[in-house]
Amino acid sequence: MPRKPNFLRFLSVLLLLLALCHADPVSSDCPKTSPLVNSESEFKMLQHQLRGSIRIIDDCSFKVSDFDMLPGSDVHWWAAAGPDLTNLTAGFVVSYQKLNETYKSDSFIVRLKDNVTWDQIQVLAVWDLPTASDFGHVILGDFKNGSSGSAPSPSPSSGTDSGNETGRVRIHTEPTMLENCKVLSKNYRVRWTLSAEENLIDIGLEAATGTMNYMAFGWANPNSTSELMLGADVAVAGFKEDGMAFVNDFYITKYSECTLYKDGEVKGVCPDTRYEGSGPNGGEVNNTKLVYGQRRDAVSFIRYQRPLVSNDKKYDLAVNYTEKMKVIWALGPIRPPDLLQPYYLPQNHGGPKSVVFGHLVLNVSENVNDCLGPLDADEKEDQHLIIADAKAPLVVTSGPALHYPDPPNPSKVLYINKKEAPMLRVERGVPVKFSIQAGHDVAMYITSDPLGGNATLRNSTETIYAGGPEAQGVQAKPMELVWAPDRNTPDQVYYQSLYEQKMGWKVQVVDGGLPDMYNNSVVLDDQQVTLFWTLSEHSISIAVRGEKKSGFLAIGFGRGMVNSYSYVGWIDNIGKGRVNTYWIDGRDASSIHPTTENLTYVRCKSENGIITFEFSRPLKPSCGKSDKPECKNIIDPTTPLKVVWAMGTAWTDENLSEQNMHFVTSSRPIRVLLMRGSAEAEQDLQPVLAVHGFMMFLAWGILLPGGILSARYLKHVKGDGWFKLHVYLQYSGLAIILLAVLFAVAELRGFFVSSLHVKFGMAALFLVCIQPVNAYVRPKRPAHGEEVSSKRILWEYFHVIGGRCAFVLGIAALFSGMKHLGDRYDAENVHGLTWALIIWFLMGALIVLYLEYREKQQRRDRSFGRSNWVLGNLEEDDSVDLLSPNGIHSEKDSQTSGRMEVQLEPLNR
């Protein structure tokens, strides 16, 4: 017991310290010379449900009270010379404090920067830098001029102000600020200020509800015990189609829409004027007076006045402000006027009690404020929504800014289909056509910058997706602009004017059907996975969609999941879509190795358990000299891409286990022909392609080399047999090559020259086809004893070198064809066939070396005189032997030894 006074004393000291901490700091080094000191004003709400008041403490600081605000991206205290777009965008930050959070009836003190004085500030705003958005502001010019439309009034005491704040004057009040606030439901509030001496009550209805929904509030009949709605006097408020606010005085006689019966009786939820008409006293029947209305951030706010005691005793209930009375409220859709009903009539509110309708007991003279923080609508985008249609152009004009969603804004803004700055929704892969008729001073463009007006002039980076200086026109001569958003277009871009900021608004880019977003698609094996892709010069964009529910979806490039480059898409524990890449070299979890491929535009989502993921990647990884597995993951569009797939129940990017392995997979790989946009099942080597390869071996490995050898080593044979053999073998080889090419083109249904094999083959074919033409135009051989002409020498050089080059390219085509065969079919015997081909040509090379050795030996023997006596043919050979190392003449009698050649014959005796 003795310790209790000590505890209470300690608690008192603690509370005193807390009170001192929250009191206004007394800045001994900051004077109070400004005439604005102790002036107070309320913030004008423009966006983000900003409310509150400001009081200037001294030359260096100000206090903000009862401050509500939804968060922005990079929000600061901002000074400007005026509240218009030009002045605000040219303003500057006045405090180091940032406002990047939600404020709920908060009070705090803000200190100005050392180099900022009140004389520099005409408008103090809450400003979001990235979007150049004014959330709300006060005009200090009103402080200085003392003009606010009404005489300044002393600020009401809050009960916490210290004595040095006496003499405060509130220069400006806002219609969104009222003294009391009561929460009716999660999305509905009522605010009020009582003026009993004037027989008035100001009521503000505030709800996060739809544009064409009503807000109803009023007093129940005091005599009702159960049916509180019947006999109730309520105000119904809302917004018209043109965005203008309205409020009407209603009286409820029946739970139904207002109806005029045949006998002239009116029953239902009807305006007072419907009961009594609008005759000479019709103006006194509607006893609600609209004061102010606004719709910001999908929250409706309407302020109106009504008398506490009305002259209309029949349809208006008297409000006893000193007593507790039952009030009723409701939210719901409203029906616009028509030919039969010239009023906005509330429809059945529906929905659960205490959410869209209810009642409570209220004493309006009591101070109530249980509204903590601003209303926060689930969907804050409140502009008209226009969905682009590929068949109908969007008409773009300009007009006055009436309800622009992001102040400050210019006086003229863009209209689309006669709607002011609407939200535009487009689909990826679906072209959008604009008919621009906004005038020659408005050039429209689609940009990544939220402000527009050519962001490069502000030293900001932007991406322009369509439009530009040429995208301008008038009604008499509109300009047509077509924009095709693709899968790489961000989810949100903007349509703006190139010459002035903030004339347009947002473009919402949504996924259309994957077939619209990609150029090609095929269904993979077993009809359970669909692959989509679009090829570009250096990259490929891929989408994969499962056709059944799964925990993850994977595709692999290879004959199977083992030894494949795999891409896995799944949804993690926090609901985020993920796509990872792997190299798989085994059948267990330890054989799955993560890789770091350069994937861009990665997305993954799950709809009803169906997984779809997308990504873009380069065709050839830029790895430099790295030997990482992913560096070998090269996609050649000219070569069929073998694709397999797998599905499973769960995936993780941390510790994989056997539980993460697939439960279903493709039964065989699918060969996807990327350039043709088709696919075919993996199969054995087609017979036609096997014939193609054999014919090419026959031509390049036997016939053409045989023709070359006959011209090189058989000229000593009597007659022109060597020449005929040379011609027959070469023409046979050429014919077989042409037939083999035709077989391959017919089987593959195309001719793609980007393959290395095809490039070698085409070059060799070109040189081979030139040889017969070259032979046809060869110069005449010299007569016996004549000197060989220069044309003949040049022709023979060209003929020999061309033949040799053709043969080398043909051999290269054979080996690249074997590699192509292995890549395409993974044939098991390709490796053996390649070695057999190598051995074959090595044997041919050995034979050529042997023949060359014999040829040189014979020439050496002739040069030493061992063969001076020539037996046999004395006729000239066809040409100079350019194949010999010295290029000597091949005629047998062209030796320069000067010896006499004698023909020996037997003597007849």
Side-chain angles (χ1 to χ4, degrees), residues 15-45 50-69 75-83 91-101 103-127 134-148 150-174 176-177 179 369:
L15 292 174
L16 179 61
L17 290 174
L18 290 175
L20 291 174
C21 290
H22 284 83
D24 293 350
V26 178
S27 182
S28 59
D29 60 342
C30 188
K32 299 183 179 181
T33 59
S34 172
L36 300 178
V37 173
N38 284 334
S39 297
E40 186 172 352
S41 181
E42 294 174 350
F43 282 100
K44 179 179 181 63
M45 179 197 293
L50 185 144
R51 276 189 178 89
S53 62
I54 173 178
R55 180 175 62 83
I56 298 178
I57 298 175
D58 50 36
D59 293 354
C60 308
S61 57
F62 60 93
K63 180 177 181 180
V64 180
S65 302
D66 301 322
F67 190 65
D68 287 351
M69 191 189 75
V75 187
H76 298 262
W77 294 105
W78 190 261
F92 56 95
V93 176
V94 299
S95 173
Y96 293 108
Q97 180 186 10
K98 291 187 177 183
L99 304 170
N100 300 331
E101 58 183 273
Y103 290 87
K104 299 180 179 181
S105 303
D106 292 326
S107 298
F108 49 88
I109 292 176
V110 181
R111 186 174 180 87
L112 301 178
K113 289 183 175 181
D114 293 339
N115 59 343
V116 176
T117 64
W118 291 114
D119 293 335
Q120 300 173 273
I121 306 173
Q122 298 297 317
V123 174
L124 180 64
V126 178
W127 184 260
D134 182 7
F135 290 178
H137 62 256
V138 294
I139 300 178
L140 300 190
D142 292 343
F143 289 34
K144 299 173 183 177
N145 299 329
S147 59
S148 63
S150 62
S153 58
S155 173
S157 176
S158 62
T160 60
D161 296 333
S162 58
N164 63 353
E165 295 177 8
T166 59
R168 289 188 287 125
V169 175
R170 179 161 293 185
I171 299 298
H172 181 76
T173 59
E174 279 293 320
T176 56
M177 299 285 290
E179 294 180 3
N369 188 1

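As the structure is a prediction and not an experimental result, all values here were calculated from the model.
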Looking only at non-hydrogen atoms, find the nearest pair between [X] and [Y] and report the distance.
X    : Y   : value
S107 : S65 : OG-CA, 3.4 Å
S53  : E40 : OG-OE2, 3.6 Å
C30  : D58 : SG-OD1, 3.5 Å
M69  : L50 : SD-CD1, 3.9 Å
V110 : S95 : CG1-OG, 3.4 Å

message = Both conditions, 6.0 Å and 45 degrees, for the charged tip of K63 above the ring of F108: are they met here?
response =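 No, K63 and F108 do not form such a contact.
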query = Stepwise, does the side chain to side chain contact (heavy atoms under 4.5 Å, CB included) test hold for L99 with Q97?
reply = CA-CA 7 Å; L99 304 170; Q97 180 186 10; 3.8 Å; yes
[atom1]-[atom2] distance between [X] and [Y], expressed to the nearest 0.5 angstrom:
X    : Y    : atom1 : atom2 : value
I121 : L36  : CD1   : CG    : 9.0 Å
S39  : I57  : OG    : CD1   : 12.5 Å
D68  : M177 : CG    : CE    : 8.0 Å
L112 : C60  : CG    : SG    : 7.0 Å
S61  : R55  : OG    : CZ    : 9.0 Å
N38  : K32  : CG    : NZ    : 6.5 Å

ask   = Can you tell if the side chain of W78 reaches within under 4.5 Å of the side chain of V94, non-hydrogen atoms only?
value =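 Sidechains of V94 and W78: no contact.
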ask   = L140 and V138: side chain to side chain contact (heavy atoms under 4.5 Å, CB included), yes or no, with the steps?
value = CA-CA 6 Å; L140 300 190; V138 294; 4.1 Å; yes
task = Under the side chain to side chain contact (heavy atoms under 4.5 Å, CB included) rule, what do V126 and V75 come out as? Steps first, then yes or no, please.
result = CA-CA 7 Å; V126 178; V75 187; 3.4 Å; yes
message = So, applying side chain to side chain contact (heavy atoms under 4.5 Å, CB included) with F92, which one of H76, K113, Q120 is it?
response =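 With F92 as partner, side chain to side chain contact (heavy atoms under 4.5 Å, CB included) holds for just one option, Q120.
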request  = Give a yes or no on whether the backbone of E174 and the side-chain of E42 come within a donor-acceptor separation of less than 3.5 Å.
outcome  =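 Indeed, once roles are kept as given, a pair shorter than 3.5 Å links the two residues.
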query = Counting distance only, does the side-chain N/O of D119 pair as donor-acceptor with the main-chain N or O of T117 below 3.5 Å?
reply =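 Checking the backbone N and O of T117 against the side chain of D119, no donor-acceptor pair under 3.5 Å is found.
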ask   = What is the ring orientation for F62 with W77, classed by angle as parallel under 30°, tilted 30 to 60°, or perpendicular over 60°?
value =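 Judged by the thresholds at 30° and 60°, the geometry between F62 and W77 is perpendicular.
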inquiry  = What verdict does the side chain to side chain contact (heavy atoms under 4.5 Å, CB included) test give for Q122 and I139, after you've listed the backbone C-alpha separation in whole Å, the side-chain angles of each residue and the deciding distance to 0.1 Å?
reply    = CA-CA 6 Å; Q122 298 297 317; I139 300 178; over 6 Å; no
Pair F135 + F43: ring centers closer than 6.0 Å =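 No - the distance between ring centres of F135 and F43 does not fall below the 6.0 Å cut-off.
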Side chains of D59 and S34, donor plus acceptor under 3.5 Å =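 No pair is found: no donor N or O on one side chain lies under 3.5 Å from an acceptor on the other.
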message = Surrounding NZ of K98 (heavy atoms of other residues, nucleotides or ligands, distance under 6.0 Å), is the total greater than 12?
response =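 No, not enclosed.
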